Number of protein chains: 2
Amino acid sequence: MAKLRAATTTRLDPQADRAEWLDTIIRGDCIAKMEALPAGSIDVIFADPPYNLQLGGDLHRPDQSKVDAVDDDWDRFESFATYDNFTRAWLLAARRLLKPNGTIWVIGSYHNIFRVGSIVQDLGFWLLNDIVWRKANPMPNFRGRRFQNAHETMIWASRDQNAKAYTFNYDAMKAANDDLQMRSDWLFPICSGGERLKAEDGRKAHPTQKPEALLARVLLSSTKPGDVVLDPFFGTGTTGAVAKRLGRHFVGIEREEAYITAAQARIDAIEPLDLHTLQTVGSKRAEPRVPFTSLIEAGLVAPGAELTDSRGRWTANVRADGTIAIGDHAASIHRLGAKVQGLDACNGWTFWHLRSPKGLQVIDELRQEIRDRMALVGA
Amino acid sequence: MAKLRAATTTRLDPQADRAEWLDTIIRGDCIAKMEALPAGSIDVIFADPPYNLQLGGDLHRPDQSKVDAVDDDWDRFESFATYDNFTRAWLLAARRLLKPNGTIWVIGSYHNIFRVGSIVQDLGFWLLNDIVWRKANPMPNFRGRRFQNAHETMIWASRDQNAKAYTFNYDAMKAANDDLQMRSDWLFPICSGGERLKAEDGRKAHPTQKPEALLARVLLSSTKPGDVVLDPFFGTGTTGAVAKRLGRHFVGIEREEAYITAAQARIDAIEPLDLHTLQTVGSKRAEPRVPFTSLIEAGLVAPGAELTDSRGRWTANVRADGTIAIGDHAASIHRLGAKVQGLDACNGWTFWHLRSPKGLQVIDELRQEIRDRMALVGA
DNA sequence: ACTAATGTTGAATCTAAAT
DNA sequence: CATTTAGATTCAACATTAG
């Protein structure tokens with residue numbers, strides 16, 4: 001508490017009370033604790049607030065195992081209005097803490113991000129980008145009633161419309177992206193394996209731990225070494241861990257003692273990188289998956305076109321939805337290839353051919369054509 | 001106007017006034033014209049509302065009157081409120097038009113999508129997915145002060161939270177995507193080249209023409225052939241062109257005569273795909289139910305026969321009434337399958353097998369045999 | 001000590017028809 | 001309306017166990 005009392009006044013020299021709260025985790029409600037910190041003292045805020053998931057009953061996988069849902073108390077709100085009020089309050093407190101050229105990041109899903117984004121705009125922040133985190137390994141949709149929810153959204157905003165001198169390390173981002181501008185869609189795996197913190201009972205320490213790679217790109221793009229990064233929903237401290245490793249200062253606010261304990265131990269074990277190493281952080285792209293529909297969409301295969309195998313034993317028709325059919329039996333290129341041969345599996349890409357002026361052309365070549373085009377535009 | 005007057009009443013037989021407005025472009029303000037169409041007459045709405053918010057000196061109100069440069073808080077708040085009111089009004093009119101199991105798509109960028117999404121939720125729609133359109137060839141960021149804005153966001157929502165029977169062609173999407181669930185991030189090139197409509201002066205006919213491939217996936221995923229698709233911001237008619245090609249009906253609403261002229265010519269030139277090409281892979285849910293007793297009645301399974309699971313761990317006896325039993329415990333194929341495994345649920349069709357000369361045969365194959373016979377006699 | 005097979009899990013607004 | 005029953009539904013990463 002002594003620490004906090006010192007921080008409640010803004011008249012102190014920022015350097016003088018630095019040691020009081022810098023690189024610490026403050027326990028308590030984030031709104032009250034943010035109000036106790038000096039105005040204009042933070043360079044960048046990263047916030048991962050509750051998503052207000054509004055889950056119904058239990059969900060089971062096809063093998064009947066139960067999905068471990070996020071049903072924690074901190075994610076329960078009575079109504080949209082309640083959630084909006086909460087969001088407005090913490091965003092207002094956060095804005096007060098930002099330096100004039102500070103920026104804020106907020107991550108969310110479709111459950112909450114539209115409300116967050118609207119309130120961010122209403123409070124006078126200025127949107128710079130919305131960033132899509134494409135999950136390399138998202139949870140499937142188990143009931144087949146929607147598209148697989150394979151991404152989350154981050155909002156990046158400056159404190160004011162006229163704040164033009166915010167930090168954006170354009171060249172570092174471009175260099176890290178094969179000398180192409182860093183796009184607004186980022187591909188990262190979810191946090192799992194050794195990176196995922198475990199409680200003593202072996203279960204996950206926090207239900208929604210974010211991957212360090214995501215935070216690393218956030219901080220490398222929008223902060224400079226020595227900057228102060230605040231995370232008002234600190235959880236198990238991914239923001240603090242990455243900030244420390246990258247030579248940035250952090251401040252965390254968290255209510256739950258168990259999360260704080262885990263976060264502190266995690267951060268204590270972090271060894272900061274030397275400045276030289278900080279210069280470069282690469283990103284790799286995997287060979288992109290190309291759905292068969294892309295060939296239709298790109299005009300390389302027309303709906304209604306005929307596909308045959310290499311020896312012309314079977315002929316199938318391409319349908320508008322990207323399936324192919326023999327008679328009334330429609331399936332994917334793989335399933336139908338397996339079906340006609342009486343096999344369990346078949347690589348449709350190498351099995352099916354398209355008649356062209358220069359003879360039969362395996363559709364795998366058309367897929368390569370798509371990949372070449374994608375590589376050209378840096379997708 | 002005569003057309004519209006007929007459409008203002010909901011008492012008419014839907015078939016009778018179909019020809020009046022179906023597959024036409026209605027000229028006028030979308031809110032007024034939507035209010036003149038019969039309630040509950042639309043299966044799917046695709047909306048590409050104006051994004052032109054906060055674009056420096058080029059800010060326009062929804063009525064297209066120009067707003068002076070935004071340079072203070074009051075003015076900015078005023079413009080958000082204006083946009084919100086407009087958004088609420090057209091979404092309300094749109095919701096009235098939807099059938100109970102209808103769904104709506106709205107596309108936008110970070111300038112407007114958060115406001116749209118919040119209002120969609122506030123009006124009682126239920127979010128199903130947010131879909132990210134990743135642009136294969138987005139415009140670069142010229143000043144190097146932000147990430148390249150490489151995506152747009154679509155919201156997909158049902159009319160009500162409890163509307164569970166909306167159309168989602170899960171199996172077709174999966175088959176078209178290499179037999180993997182279709183994700184929420186879609187990759188398409190922007191509309192350019194030959195697909196991009198040109199005005200007589202050679203310049204683009206519409207500033208934000210969407211690619212047909214994007215609309216094709218939207219309609220193939222969430223509509224059935226013959227469905228009615230409304231686009232209240234029709235522009236140069238991408239929605240109508242794709243709907244016609246895919247055997248769906250369209251209704252377009254558009255204010256600008258120049259756009260309507262271009263759209264009508266474009267749509268007139270579209271040749272619909274034949275029905276065969278439009279058929280999609282069948283979903284299991286849509287197949288007729290077959291009671292287990294039908295297998296006994298058809299002689300495919302004899303009363304007293306033994307069923308086992310694939311690994312022979314459990315054996316049950318078939319009873320004449322269509323239940324199966326282990327000892328004295330008789331139940332349906334599903335209940336008993338769940339019971340022996342200690343689970344809440346089980347698909348008995350894929351769990352139980354019958355011993356046959358060529359080894360174990362899953363009873364789901366026998367069900368397929370019944371379905372094939374039913375199809376033969378047109379049942 | 002390897003490889004192969006099997007099991008576990010992740011921010012999830014996750015069914016449909018018959019009674 | 002609510003309740004019951006049928007029966008449809010998963011991908012990638014990682015960990016663990018079996019061979």
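Note that the structure is predicted; figures quoted are calculated from it, not measured. Naming convention: chains lettered A, B, ... in sequence-line order (proteins, then strands); numbering from 1 in each chain.
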Under 4.0 Å, counting only non-hydrogen atoms across every strand here, what does [X] touch: a base, just sugar-phosphate, or nothing?
{"X": "A:P49", "result": "base"}
{"X": "A:L59", "result": "base"}
{"X": "A:R145", "result": "sugar-phosphate"}
{"X": "B:L128", "result": "nothing"}

Could you tell me if the ring centre of A:H206 sits under 6.0 Å from that of A:Y259?
->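 Under 6.0 Å, so yes.
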How about B:Y170 and A:F147: are their ring centroids closer than 6.0 Å?
->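 No: the rings miss the under 6.0 Å criterion.
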For [range], which residues have at least one heavy atom under 4.0 Å from DNA chain C?
{"range": "residues 195-214 of chain A", "answer": "A:R196, A:K204, A:P207, A:T208, A:K210"}
{"range": "residues 50-57 of chain A", "answer": "A:P50, A:Y51, A:L53, A:Q54, A:L55, A:G57"}
{"range": "residues 65-78 of chain A", "answer": "A:V67, A:D68, A:A69, A:V70, A:W74, A:D75"}

Interatomic distance where [atom1] belongs to [X] and [atom2] belongs to [N] [whole Å]:
{"X": "B:F168", "N": "C:dA12", "atom1": "CZ", "atom2": "C1'", "result": "14 Å"}
{"X": "B:R183", "N": "C:dA12", "atom1": "CZ", "atom2": "C1'", "result": "15 Å"}
{"X": "B:M182", "N": "D:dT10", "atom1": "CE", "atom2": "P", "result": "14 Å"}
{"X": "A:I113", "N": "C:dT13", "atom1": "CD1", "atom2": "P", "result": "15 Å"}
{"X": "B:N162", "N": "C:dA16", "atom1": "CG", "atom2": "P", "result": "12 Å"}
{"X": "B:M173", "N": "D:dT10", "atom1": "CE", "atom2": "P", "result": "15 Å"}
{"X": "B:K164", "N": "C:dT15", "atom1": "NZ", "atom2": "P", "result": "5 Å"}
{"X": "B:Q161", "N": "C:dT15", "atom1": "CD", "atom2": "C1'", "result": "15 Å"}

Between C:dC14, D:dC11, C:dT13, which nucleotide has the shortest distance from any of its atoms to the side chain of A:N149?
->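 My answer, after comparing the listed nucleotides, is C:dT13.
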How does protein reach along nucleotides 3-9 of chain D, written 5' to 3' as B (base within reach of a heavy atom under 4.0 Å), S (only sugar-phosphate), or - (no contact)?
-> ---BBBB
In terms of side-chain geometry, is the basic nitrogen of B:D309 or B:R311 positioned less than 4.0 Å from the acidic oxygen of its partner?
->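 Between B:R311 and B:D309 there is no salt bridge, as every charged N stays at least 4.0 Å from the carboxylate O atoms.
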Hey, is A:R367 close enough to A:D364 for a salt bridge, meaning N to O under 4.0 Å?
->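 Yes, this pair counts.
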For the [atom1] atoms, the ones on [N] and on [M], what distance do you get once it is rounded to whole angstrom?
{"N": "D:dT5", "M": "C:dC14", "atom1": "P", "result": "23 Å"}
{"N": "C:dG10", "M": "D:dT9", "atom1": "P", "result": "24 Å"}
{"N": "C:dA12", "M": "D:dG7", "atom1": "P", "result": "29 Å"}
{"N": "C:dA18", "M": "D:dA8", "atom1": "P", "result": "14 Å"}
{"N": "C:dT13", "M": "D:dA6", "atom1": "P", "result": "29 Å"}

Parallel, tilted or perpendicular: which describes the rings of A:F86 and A:W90, with under 30° parallel and over 60° perpendicular?
->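 Ring orientation of A:F86 relative to A:W90: tilted.
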Aromatic plane relationship, B:F114 with A:F114 - under 30° parallel, 30 to 60° tilted, over 60° perpendicular |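 Tilted, since the angle between the ring planes falls between 30° and 60°.
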Taking only residues at least two apart or on different chains, which pairs with a member in residues 333-343 of chain B satisfy salt bridge (Lys or Arg N to Asp or Glu O under 4.0 Å)?
->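 The answer is none; no pair qualifies.
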Sequence neighbours excluded, every pair satisfying salt bridge (Lys or Arg N to Asp or Glu O under 4.0 Å) that has a member inside residues 281-292 of chain B =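 Qualifying pairs, neighbours excluded: B:E287-B:R371.
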Regarding A:R146 and the six-membered ring of B:F168, is the cationic atom NZ or CZ under 6.0 Å from the ring centre and inside 45° of its axis?
->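 No, a cation-pi geometry is absent between A:R146 and B:F168.
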So is B:R134 actually on top of B:W186's ring, under 6.0 Å and inside 45° of the axis?
->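 No, B:R134 does not sit over the ring of B:W186.
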Determine if B:W126 stacks with C:dT13; use a centre-to-centre distance below 5.5 Å and an interplanar angle below 30° as the criteria.
->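 Yes, the aromatic ring of B:W126 stacks with the base.
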All N/O pairs under 3.5 Å across the protein-nucleotides 13-19 of chain D interface:
none

D:dT9 glycosidic torsion: syn (within 90° of 0) vs anti =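 Here D:dT9 takes the anti form, which means its glycosidic angle is more than 90° from 0.
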Among B:F125, B:F46, B:W156, ring-ring contact (aromatic ring centres under 6.0 Å, His included) partner for B:W105 =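 In the set B:F125, B:F46, B:W156, the residue that makes a ring-ring contact (aromatic ring centres under 6.0 Å, His included) with B:W105 is B:W156.
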Can you list the residues that meet the side-chain hydrogen bond (donor to acceptor under 3.5 Å, both in side chains) rule with A:D75, with sequence neighbours excluded?
->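 Checked A:D75 against side-chain hydrogen bond (donor to acceptor under 3.5 Å, both in side chains); zero matches.
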Distance only, no hydrogens: is a donor on one side chain within 3.5 Å (strictly under) of an acceptor on the other, for B:H151 and A:S184?
->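 Their side chains do contain a donor-acceptor pair, which is all the 3.5 Å distance test asks for.
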Can you tell me how far NZ of B:K224 sits from OG1 of B:T167, rounded to the nearest 0.5 angstrom?
->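 The NZ atom of B:K224 is 3.0 Å from OG1 of B:T167, to the nearest 0.5 Å.
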How does DNA chain C look in dot-bracket form if you count Watson-Crick and G-U pairs under 3.5 Å, write [ ] for pairs that cross, and put | where a base pairs with another strand?
-> .|||||||||....|||||
Mind checking what makes side-chain contact (heavy atoms from CB on, under 4.5 Å) contact with A:A205, not counting sequence neighbours?
->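 Scan of A:A205 (side-chain contact (heavy atoms from CB on, under 4.5 Å), adjacent residues dropped) gives A:L197, A:T236.
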Report the residues that fulfil side-chain contact (heavy atoms from CB on, under 4.5 Å) with A:K135, sequence neighbours left out, ordered by chain and then residue number.
->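 For A:K135, the residues satisfying side-chain contact (heavy atoms from CB on, under 4.5 Å) (neighbours in sequence not counted) are A:W133, A:P138, A:E152, A:I190.
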Less than 3.5 Å apart, which donor and acceptor atoms pair up between the side chains of residues 318-329 of chain B and the rest of the protein, not counting sequence neighbours?
| unit_1 | atom_1 | unit_2 | atom_2 | d |
| --- | --- | --- | --- | --- |
| B:D321 | OD1 | B:T323 | N | 2.9 |
| B:D321 | OD1 | B:T323 | OG1 | 2.6 |
| B:D321 | OD2 | B:T323 | OG1 | 3.4 |

For A:E257, does the CD atom sit with more than 12 other heavy atoms under 6.0 Å from it, leaving out its own atoms?
->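 Result for CD/A:E257: enclosed.
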Can you name the closest pair of heavy atoms from B:A175 and A:S332 and give their distance?
->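 Here B:A175 and A:S332 meet closest at O-CB, 3.2 Å.
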Is there side-chain contact between A:M154 and A:V218, with at least one heavy-atom pair below 4.5 Å?
->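 They are in side-chain contact.
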